[in-house]
Structures are given as structure tokens and as C-alpha cells.
Student: 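Quick one: the structure is below, questions incoming.
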Amino acid sequence: QVQLVESGGGLVQAGDSLTLSCAASGRTFSTSTMAWFRQAPGKEREFVGGTRWSDGRTSYADSVKGRFTISRDNAKNTMYLQMSSLKPEDTAVYYCAARSGVLVHTTSASYDYWGQGTQVTVSS
């Protein structure tokens, strides 16, 4: 099993920056890919971005490209989501996810492990 714990959410104003963390523990060697998803009230969970542990390659949703950056600390088994120029439409619960495959999938069903989520609220 793999445990994922997100942290760093909060209430910010439009244009502000915020960094989320996702700490992985357990059988982390069984996971090759990690990603961030988000879910706003009344909407489906959507892909934000993801990364591969092997080479650090990242991919992002068009809606966050250029504003959000994923990084990782292999020694700490931690992935980060640096968010800048935040908009009210970025308001959502942000989830960390992991899977054993080497491809960064954009569908939530492709991921085996999930964190509990952290709330990000952007006020206008």
C-alpha cells in the first residue's frame, strides 16, 4: 500500500501564489507516476498535472500551463505543486494521486492511490 498526504491548501486572493505538498509513504517503489487532480463543487475531478519519478518529465492541463509547476524531492518522496497567478476558477479540492505505470494519465480512474485532498480557495 501507498499512503499519500497532501498539505498546503488555504484561502488566498486572486493573483497570489500557493504551494501544495504531497508526501508519499509505504510501498512507494511500486509507484512510477504521480499527479495532481482537482475537484470543484458540482464538477468532475479533473487532471491538473503529473510527473514521472524516473526522469521528472511533467505534463499539465492547458488551464494551468504556465501558472502551475510540479516538482519533487526524491529523497523525501514528496511532490509539490507550485501555483501562481491563482484565479477564482482554481478553487477546488486538490488531490494527489499515484500509479504504477510509467505514463502520466489524465484520467482519475488510471490511478491506484489517492490522498485525502486539500482545499484551495481563491477569492476575487
Student: Can you confirm whether Gln13 is buried at CD, in the sense that more than 12 heavy atoms of other residues, nucleotides or ligands lie under 6.0 Å from that atom?
Tutor: no
Student: Donor-acceptor pair, Ser108 side chain versus Arg45 backbone, under 3.5 Å?
Tutor: no
Student: Specify the closest pair of heavy atoms between Pro88 and Ser124, including all atoms of both residues, with the distance to one decimal.
Tutor: CG-CB, 3.8 Å
Student: Quick check on side-chain contact (heavy atoms from CB on, under 4.5 Å): which of Gln3, Gln1, Arg27 does Tyr113 satisfy it with?
Tutor: Gln1
Student: Mind checking salt bridge (Lys or Arg N to Asp or Glu O under 4.0 Å) for Arg67 and listing every partner two or more places apart, or none if nothing turns up?
Tutor: Asp90
Student: Does any part of the side chain of Leu20, heavy atoms only, come nearer than 4.5 Å to the side chain of Gln82, both counted from C-beta?
Tutor: no
Student: Heavy atoms, side chains only, cut-off 4.5 Å: are Arg57 and Thr51 in contact?
Tutor: no
Student: Kindly give the heavy-atom pair with the smallest separation between Ser59 and Val104, and that separation in Å.
Tutor: OG-CG1, 3.4 Å
Student: Check whether any side-chain N or O of Tyr111 sits under 3.5 Å from a backbone N or O of Met34 as a donor-acceptor pair, and report yes or no.
Tutor: no
Student: With side chains defined as the heavy atoms from C-beta onward, is the minimum distance between Met79 and Leu81 less than 4.5 Å?
Tutor: no
Student: Under a 4.5 Å side-chain heavy-atom rule over Ile, Leu, Val, Met, Phe, Trp and Tyr, are Trp36 and Trp53 clustered together?
Tutor: yes
Student: Going by atom types only, do Glu89 and Thr91 share a side-chain donor-acceptor pair under 3.5 Å?
Tutor: no
Student: Is the shortest heavy-atom distance from the side chain of Tyr94 to the side chain of Glu6 under 4.5 Å?
Tutor: no
Student: Side chains of Arg38 and Glu46: does their closest heavy-atom pair fall under 4.5 Å?
Tutor: yes
Student: Output all residues satisfying ring-ring contact (aromatic ring centres under 6.0 Å, His included) with Tyr80, sequence neighbours left out; order by chain, then residue number.
Tutor: none
Student: Evaluate the ring planes of Tyr95 and Trp114, with Trp represented by its six-membered ring, and classify them as parallel (under 30°), tilted (30 to 60°) or perpendicular (over 60°).
Tutor: perpendicular
Student: Under the side chain to side chain contact (heavy atoms under 4.5 Å, CB included) criterion, do Val64 and Met83 qualify, and how do the steps go?
Tutor: CA-CA 8 Å; Val64 305; Met83 305 182 291; over 6 Å; no
Student: Below 4.5 Å, heavy atoms only, C-beta onward: do Phe68 and Leu86 meet side chain to side chain?
Tutor: yes
Student: Transitively linked via ILVMFWY side-chain contacts under 4.5 Å: Val2 with Phe37?
Tutor: no
Student: Would you confirm whether Arg72, through its side chain, and Arg52, through its main-chain N or O, come within 3.5 Å as a donor-acceptor pair?
Tutor: yes
Student: I need the minimum non-hydrogen distance between Ser100 and Ser32, along with the two atoms involved.
Tutor: O-OG, 3.1 Å
Student: Heavy-atom distance under 4.5 Å between the side chains of Phe47 and His105, does that happen here?
Tutor: no
Student: Please, which pairs that meet disulfide (SG to SG under 2.5 Å) have at least one residue in residues 35-124, sequence neighbours excluded?
Tutor: Cys22-Cys96
Student: Out of the candidates Leu11, Leu18, Asp16, Val12, only one should pair with Val122 under the side-chain contact (heavy atoms from CB on, under 4.5 Å) rule; please name it.
Tutor: Val12
Student: Counting N and O atoms only, with roles assigned by atom type, does the side chain of Thr78 sit under 3.5 Å from a partner on the main chain of Lys76, one being a donor and the other an acceptor?
Tutor: yes
Student: Going from CG on Leu4 to OG on Ser25, what distance comes out if it is rounded to the nearest 0.5 angstrom?
Tutor: 7.5 Å
Student: Before you tell me yes or no, could you show the steps for Val93 and Thr118 under side chain to side chain contact (heavy atoms under 4.5 Å, CB included), namely the whole-Å CA-CA distance, both residues' side-chain angles and the distance that decides it to 0.1 Å?
Tutor: CA-CA 5 Å; Val93 177; Thr118 186; 6.0 Å; no
